[in-house]
Amino acid sequence: MPNKPKYRVAITRLTDNGAYVYAGCEKLRGEAVFSPSYNHCYFQDRELRKIKGGSGGGNYQGIVDNEIYRVMKFEKL
């Protein structure tokens with residue numbers, strides 16, 4: 001089984017209850033683990049899945065809360 005890539009990331013939540021919020025409503029920094037294909041991101045207590053084609057500036061969507069997130073990778077750990 002391939003190793004799961006780990007990155008230092010910045011995550012911005014772009015929606016609040018499904019409505020887009022100007023400049024994002026929550027900004028987080030820390031370490032995230034990605035699936036080998038980068039289709040899933042695991043950050044703290046959130047599980048995010050890749051949005052195909054992007055959506056309003058976001059590149060991942062929360063599986064539980066269905067919110068849109070922008071995940072930016074900085075440094076591979």
Side-chain angles (χ1 to χ4, degrees):
M1 173 173 228
N3 292 336
K4 292 187 175 184
K6 185 185 258 189
Y7 284 88
R8 190 171 319 253
V9 298
I11 296 180
T12 304
R13 189 175 73 177
L14 300 176
T15 58
D16 188 22
N17 294 323
Y20 281 92
V21 177
Y22 178 73
C25 57
E26 183 179 21
K27 296 179 186 344
L28 304 165
R29 287 181 176 256
E31 295 177 5
V33 176
F34 292 84
S35 66
S37 63
Y38 292 91
N39 285 330
H40 286 85
C41 172
Y42 306 94
F43 179 78
Q44 295 176 354
D45 60 345
R46 293 172 174 87
E47 184 177 353
L48 310 173
R49 72 172 168 251
K50 184 83 168 164
I51 299 173
K52 303 297 182 198
S55 175
N59 54 358
Y60 282 86
Q61 183 172 18
I63 291 177
V64 174
D65 60 6
N66 221 23
E67 301 289 354
I68 305 294
Y69 293 88
R70 167 55 104 189
V71 177
M72 295 175 282
K73 296 181 285 247
F74 288 122
E75 174 185 1
K76 190 167 186 177
L77 301 174

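Quick note: numbers below take in every heavy atom, side chains included, and nothing from hydrogens, waters or symmetry partners.
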Distance check, rounded to the nearest 0.5 Å: [X] atom [atom1] versus [Y] atom [atom2]?
| X | Y | atom1 | atom2 | answer |
| --- | --- | --- | --- | --- |
| Leu48 | Tyr69 | CG | OH | 6.5 Å |
| Gln61 | Lys52 | CD | NZ | 12.5 Å |
| Ile11 | Lys27 | CD1 | NZ | 12.5 Å |
| Ile68 | Tyr60 | CD1 | OH | 13.0 Å |
| Thr15 | Glu67 | OG1 | CD | 3.5 Å |

> Which class fits the ring pair Phe34 and Tyr38: parallel under 30°, tilted 30 to 60°, perpendicular over 60°?
Replying inline: tilted

>> Please check this pair: side chain of Glu31 against backbone of Tyr7, looking for a donor-acceptor N/O pair closer than 3.5 Å.
In response: no

> Looking only at atom types and distance, does a side-chain atom of Arg70 sit under 3.5 Å from a main-chain N or O of Gly57, one as donor and one as acceptor?
Replying inline: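 Yes; judged by distance alone, with no hydrogens or angles, the pair exists.
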
> Is there a chain of hydrophobic side chains (I, L, V, M, F, W, Y, each step under 4.5 Å between heavy atoms) that links Tyr20 to Ile51?
Replying inline: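 Linked within one cluster.
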
If you look at every heavy atom in [X] and [Y], which pair is closest and at what distance?
| X | Y | value |
| --- | --- | --- |
| Ala10 | Phe74 | CB-CE1, 3.4 Å |
| Val9 | Ala32 | CG2-CB, 3.7 Å |
| Gly62 | Asp65 | CA-OD1, 3.3 Å |

> Just wondering, are more than 12 heavy atoms of other shown residues or ligands nearer than 6.0 Å to CZ in Arg49?
Replying inline: yes

>> Counting only heavy atoms from other residues, nucleotides and ligands, does the tally under 6.0 Å from NZ of Lys73 exceed 12?
In response: yes

>> If the test is side-chain contact (heavy atoms from CB on, under 4.5 Å), which one of Glu47, Lys50, Lys4 qualifies with His40?
In response: Glu47

> Is the shortest heavy-atom distance from the side chain of Leu28 to the side chain of Arg46 under 4.5 Å?
Replying inline: yes

